[in-house]
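To start, the structure itself, in structure tokens.
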Amino acid sequence: MIWIQEMILMSEDVIYDIDIQKERNIVRAIILFRNTSAFHEKEDREKKKLQLAYQKVDLESKAKTDFMNRMSHDVRTPINGILGMMQIIRKNWGDMDKLDDSLNKMEVLTKHLNELVEELNSLIDAQVSLQNITYHKHMENVVHTHLIGDALQLRRILVNLLTNAIKCNKSNGTIDTYVREISSDDSKVTFEFEIKDTGIGMSEDYIENHLFTPFSQVKQDARTRYEGTGLGMSIVKGLVDKLGGSIEVKSEVGVGTQIKVILAYQLDTSNTAKQDTSKLDLKDKRILLVEDNEINMEVAEFYLNAVHANVDKAWNGLEAVEKVKEQPNKYSLILMDIMMPKMNGDEAAKCIRKIHPSIPIVAMSAQSEYSMNQTIMNDSISKPIDEQKLNHILSKYVA
């Protein structure tokens, strides 16, 4: 296929025609053709390169988000089991068979958790070791740790900053990360997250005019090992703005870069507000517990049995939907895990809403940032499950 540009130049004149012996109009035209295939081929190449760049960025962003969600879920799941087994041990101290069974299960969960922690550390450690970079972590004046906020977005910010610090560093360089609590009151606490590296650095002009622009990268010579999409810092700036924070960058070419992010979080005071649930008795209530993990099922069932609730179990979303179909008015509450085989919790809740629109459904999620769909879920509770918080849910929707 070739591209042809056509241009027509026209003029109109009045002439005297001898044959008819009067004036008439005459139109003259010049038609020009130019082969513009080279221009369009270049334009197509640029479009394809831009499309591929966007696709790569989208895939990288989705991969990071999926990794963080998966890691959060996989870490919280064994923790939920461990804490649950500890509660079972406390309340069955004289039952040696129960103690032995719980300790065996805790051992399995602990091994699984260690593997996940090592995998998480390897995300940074493997990269810094390739360049012989020394990596130091510092915690300064961190007093408040129970916070309400978007943990997944904070992870995305720090992963992007650390990835840049690694890619732009030098062999045998250093990276220092600092987490500082800089102010607090009865409801809010402000943190400063700082990452310093001994990398290639940036000029003041680049910081002011290009750093937060998508697809912008520091231009270096052929020895530079830095490769990437140039979207990292624009993503960071967008996330920091979204969270209502601020970012400050200081850098010197050939010396290194210092980046500070300041974010404020609400204090989570729910842990200190103890509720009197000692009189909670659900002996006449039936709850559908939907959970694909055997130990988590046992822990949740233990908490429900402690308040004398009648428990039916489903091991995936599809099984839960079938149970509600069989007897739509049987359950006073559904506790729904989110990440399950065959049918996940959100999909199951949508199906159940068509069968029984008013039944309370509470999501149980081990993801660091589960975005609850309020059209299908009444409430949510995070894993590891806290007995007091679960009893509060039961008091709210069942008692």
Side-chain angles (χ1 to χ4, degrees), residues 66 68-81 83-84 87 151-152 270 277 280 282 284-399:
D66 179 66
M68 290 303 174
N69 274 332
R70 181 173 59 82
M71 289 303 300
S72 174
H73 176 272
D74 291 347
V75 169
R76 283 170 176 253
T77 295
I79 290 175
N80 180 53
L83 295 180
Q87 291 295 322
L152 178 60
S270 60
T277 56
L280 192 61
L282 306 180
D284 297 325
K285 307 295 183 180
R286 185 164 292 277
I287 294 171
L288 179 59
L289 178 59
V290 190
E291 172 65 69
D292 69 318
N293 182 283
E294 186 175 348
I295 294 178
N296 285 344
M297 178 76 84
E298 183 178 347
V299 170
E301 186 180 17
F302 172 76
Y303 290 148
L304 293 172
N305 287 340
V307 293
H308 312 115
N310 300 291
V311 181
D312 284 359
K313 295 183 282 189
W315 297 94
N316 57 65
L318 190 60
E319 191 176 330
V321 173
E322 293 301 321
K323 285 184 177 292
V324 176
K325 272 185 182 178
E326 291 171 6
Q327 293 179 282
N329 299 311
K330 183 178 182 180
Y331 302 108
S332 302
L333 175 73
I334 299 175
L335 291 173
M336 182 75 73
D337 185 27
I338 299 303
M339 295 181 68
M340 295 183 292
K342 295 187 179 179
M343 181 183 285
N344 67 38
D346 285 334
E347 292 170 344
K350 288 179 184 177
C351 295
I352 291 171
R353 282 280 171 250
K354 295 177 182 177
I355 304 167
H356 194 321
S358 61
I359 188 171
I361 306 176
V362 175
M364 300 186 298
S365 176
Q367 297 180 38
S368 62
E369 278 303 317
Y370 168 65
S371 180
M372 185 183 74
N373 185 340
Q374 294 181 349
T375 63
I376 58 173
M377 298 290 186
N378 296 84
D379 217 323
S380 66
I381 185 170
S382 62
K383 298 179 184 178
I385 289 177
D386 178 83
E387 186 177 16
Q388 289 290 332
K389 290 183 180 179
L390 177 60
N391 285 346
H392 173 72
I393 291 286
L394 296 174
S395 299
K396 184 177 178 181
Y397 294 103
V398 183

Under the side-chain contact (heavy atoms from CB on, under 4.5 Å) rule, collect the residues that match up with K396, sequence neighbours excluded. D379
Identify the two heavy atoms, one from A348 and one from V321, that lie closest to each other, and give their separation to 0.1 Å. O-CG2, 3.8 Å
Got a list of side-chain donor-acceptor pairs under 3.5 Å for residues 329-336, not counting sequence neighbours?
from: K330; atom 1: NZ; to: D312; atom 2: OD2; distance (Å): 3.0
from: K330; atom 1: NZ; to: Q327; atom 2: OE1; distance (Å): 3.4
from: Y331; atom 1: OH; to: D312; atom 2: OD2; distance (Å): 2.9

If you measure from OG on S380 to CG on N373, what distance do you get to the nearest 0.5 Å? 11.5 Å
Please test I381 against H392 for side chain to side chain contact (heavy atoms under 4.5 Å, CB included), starting from the C-alpha separation and ending with a verdict. CA-CA 10 Å; I381 185 170; H392 173 72; over 6 Å; no
Which heavy-atom pair separates E291 from W315 by the least distance, and what is that distance? O-CE3, 3.2 Å
G317 and V290 have their tightest heavy-atom pair at N-CG1, 4.3 Å
Are the side chain of N310 and the backbone of K285 linked by a donor-acceptor contact shorter than 3.5 Å? yes
If you take all heavy atoms of M343 and C351, which pair is closest and at what distance? CE-SG, 4.2 Å
Sequence neighbours excluded, which residues qualify as salt bridge (charged side-chain N to carboxylate O under 4.0 Å, His left out) partners of K350? none
Heavy atoms of D346 and I338 approach each other most closely as OD1-CD1, 4.0 Å
By side-chain contact (heavy atoms from CB on, under 4.5 Å) - contacts of N378 (at least two apart): R353, P360, I361, Y397
Residues in side-chain hydrogen bond (donor to acceptor under 3.5 Å, both in side chains) with N316, at least two apart? none
Distance, nearest 0.5 Å, that separates CG of N344 from CG of L318: 11.5 Å
Taken in chain and number order and not counting sequence neighbours, the residues that satisfy salt bridge (charged side-chain N to carboxylate O under 4.0 Å, His left out) with E319 are none
Which atom pair, heavy atoms only, marks the closest approach of D292 to M339? OD1-O, 3.5 Å
Which residues pass the side-chain contact (heavy atoms from CB on, under 4.5 Å) test with E322, not counting sequence neighbours? K325
Nearest 0.5 angstrom please: N296 CG to I385 CD1, how far? 7.0 Å
Can you tell me how far apart CD (E298) and NZ (K313) are? Round to the nearest 0.5 Å. 8.5 Å
